[in-house]
Amino acid sequence: MSKIVKFLYIIIGFIALGLGVLGLILPVLPTTPLLLLASYCFVKGSKKFEHWFKGTKLYKRHLETFVKERSMTLKQKLTILLFADVMIAIPFFILDSYIVKVLLVLIVVYKYYYFINKIKTVPEAAVTND
């Protein structure tokens with residue numbers, strides 16, 4: 001992979017990290033998916049940033065359980081699902097195409113199926129590692 005592509009991954013990783021941190025404060029931004037994106041970008045961009053990010057309290061508190069055990073708290077699941085629903089609702093109501101609307105509904109149905117059946121729900125106390 002070229003140095004430019006790796007550099008872009010690192011930049012996107014820091015942008016996602018910044019937005020993820022804002023998501024801790026602002027309820028409209030989903031923290032977990034943004035931190036997952038940051039983690040992915042750091043893995044692709046640089047071993048140094050990957051190790052740094054995985055050593056942070058932010059990673060350990062919000063992602064480590066999900067990455068290791070494929071589990072999330074109910075609050076994390078609901079935050080992600082509701083934010084995604086809002087983002088999907090925008091084109092659903094703006095666009096006139098019935099095909100696109102059906103596809104969006106199918107995406108929402110699959111998203112709920114996946115979060116309910118494929119990602120284990122754990123109690124809040126199991127994730128908090130203070």
Side-chain angles (χ1 to χ4, degrees):
M1 192 178 313
S2 75
K3 287 185 178 186
I4 294 172
V5 173
K6 286 185 175 193
F7 181 72
L8 288 174
Y9 272 117
I10 293 169
I11 295 298
I12 293 168
F14 276 108
I15 291 169
L17 177 61
L19 291 172
V21 170
L22 277 176
L24 294 170
I25 302 163
L26 303 171
V28 294
L29 285 175
T31 302
T32 305
L34 289 166
L35 294 179
L36 282 171
L37 175 61
S39 180
Y40 174 81
C41 289
F42 289 143
V43 166
K44 290 290 201 176
S46 164
K47 286 285 183 201
K48 182 175 115 178
F49 284 116
E50 174 191 1
H51 292 301
W52 165 77
F53 183 62
K54 288 183 176 179
T56 64
K57 284 184 182 180
L58 191 63
Y59 176 86
K60 291 177 187 218
R61 175 180 256 186
H62 295 281
L63 292 182
E64 193 168 55
T65 303
F66 176 74
V67 172
K68 289 182 178 177
E69 302 171 19
R70 299 288 295 172
S71 63
M72 298 175 122
T73 65
L74 183 60
K75 181 181 176 184
Q76 288 173 321
K77 283 184 174 185
L78 290 175
T79 301
I80 293 169
L81 288 169
L82 294 175
F83 180 77
D85 287 343
V86 169
M87 293 296 109
I88 291 170
I90 293 169
F92 183 85
F93 290 113
I94 291 174
L95 299 175
D96 292 329
S97 172
Y98 289 109
I99 294 171
V100 172
K101 287 183 178 192
V102 168
L103 286 172
L104 291 172
V105 168
L106 289 173
I107 290 169
V108 169
V109 168
Y110 179 75
K111 176 176 58 91
Y112 276 91
Y113 163 79
Y114 188 85
F115 271 73
I116 291 168
N117 295 308
K118 301 291 184 186
I119 300 174
K120 185 172 62 173
T121 304
V122 294
E124 193 76 37
V127 175
T128 309
N129 301 336
D130 287 273

Applying a strict under-4.5 Å side-chain criterion to I, L, V, M, F, W and Y, I'd like to know whether [X] and [Y] cluster together.
X: Ile94; Y: Ile99; answer: no
X: Leu8; Y: Val43; answer: no
X: Leu36; Y: Leu24; answer: yes
X: Leu78; Y: Ile25; answer: no
X: Ile107; Y: Tyr98; answer: no

Q | Residues which pass side chain to side chain donor-acceptor pair (under 3.5 Å) with Thr121, listed by chain and number, not counting sequence neighbours | A | Lys77

Q | Residues which pass side chain to side chain donor-acceptor pair (under 3.5 Å) with Tyr40, listed by chain and number, not counting sequence neighbours | A | none

Which atoms form the tightest heavy-atom contact between [X] and [Y], and what is the distance?
X: Ala38; Y: Leu17; value: CB-N, 3.8 Å
X: Pro91; Y: Ile88; value: CD-O, 3.2 Å
X: Tyr59; Y: Phe53; value: CB-O, 3.1 Å
X: Phe42; Y: Ile10; value: CE2-O, 3.8 Å
X: Leu35; Y: Gly20; value: CD2-CA, 4.2 Å
X: His62; Y: Gln76; value: O-NE2, 3.6 Å

Q: Under the ring pair (Phe, Tyr, Trp, His ring centres under 6.0 Å) rule, collect the residues that match up with Phe66, sequence neighbours excluded.
A: none

Does [X] [atom1] have over 12 foreign heavy atoms under 6.0 Å away?
X: Leu106; atom1: CG; result: yes
X: Ile4; atom1: CD1; result: no
X: Tyr112; atom1: OH; result: yes

Qualifying salt bridge (Lys or Arg N to Asp or Glu O under 4.0 Å) pairs with a residue from [range], counting only residues at least two apart or across chains:
range: residues 49-58; answer: Lys47-Glu50, Glu50-Lys54
range: residues 82-92; answer: Asp85-Lys111
range: residues 89-104; answer: none

Atom [atom1] in [X], atom [atom2] in [Y]: separation rounded to 0.5 Å?
X: Leu19; Y: Leu37; atom1: CG; atom2: CG; result: 9.0 Å
X: Ile80; Y: Thr32; atom1: CD1; atom2: OG1; result: 4.5 Å
X: Ile15; Y: Leu34; atom1: CD1; atom2: CG; result: 11.5 Å
X: Phe49; Y: Cys41; atom1: CZ; atom2: SG; result: 12.5 Å

Q | Check against side chain to side chain contact (heavy atoms under 4.5 Å, CB included), Leu58 and Val21 | A | CA-CA 8 Å; Leu58 191 63; Val21 170; 3.7 Å; yes

**Q.** Lys3/Phe7 under side chain to side chain contact (heavy atoms under 4.5 Å, CB included): CA gap, chis, key distance, verdict
**A.** CA-CA 6 Å; Lys3 287 185 178 186; Phe7 181 72; over 6 Å; no

Q.
Does the plane of the ring in Tyr114 sit parallel, tilted or perpendicular to the ring in Tyr110? Use 30° and 60° as the thresholds.
A. tilted

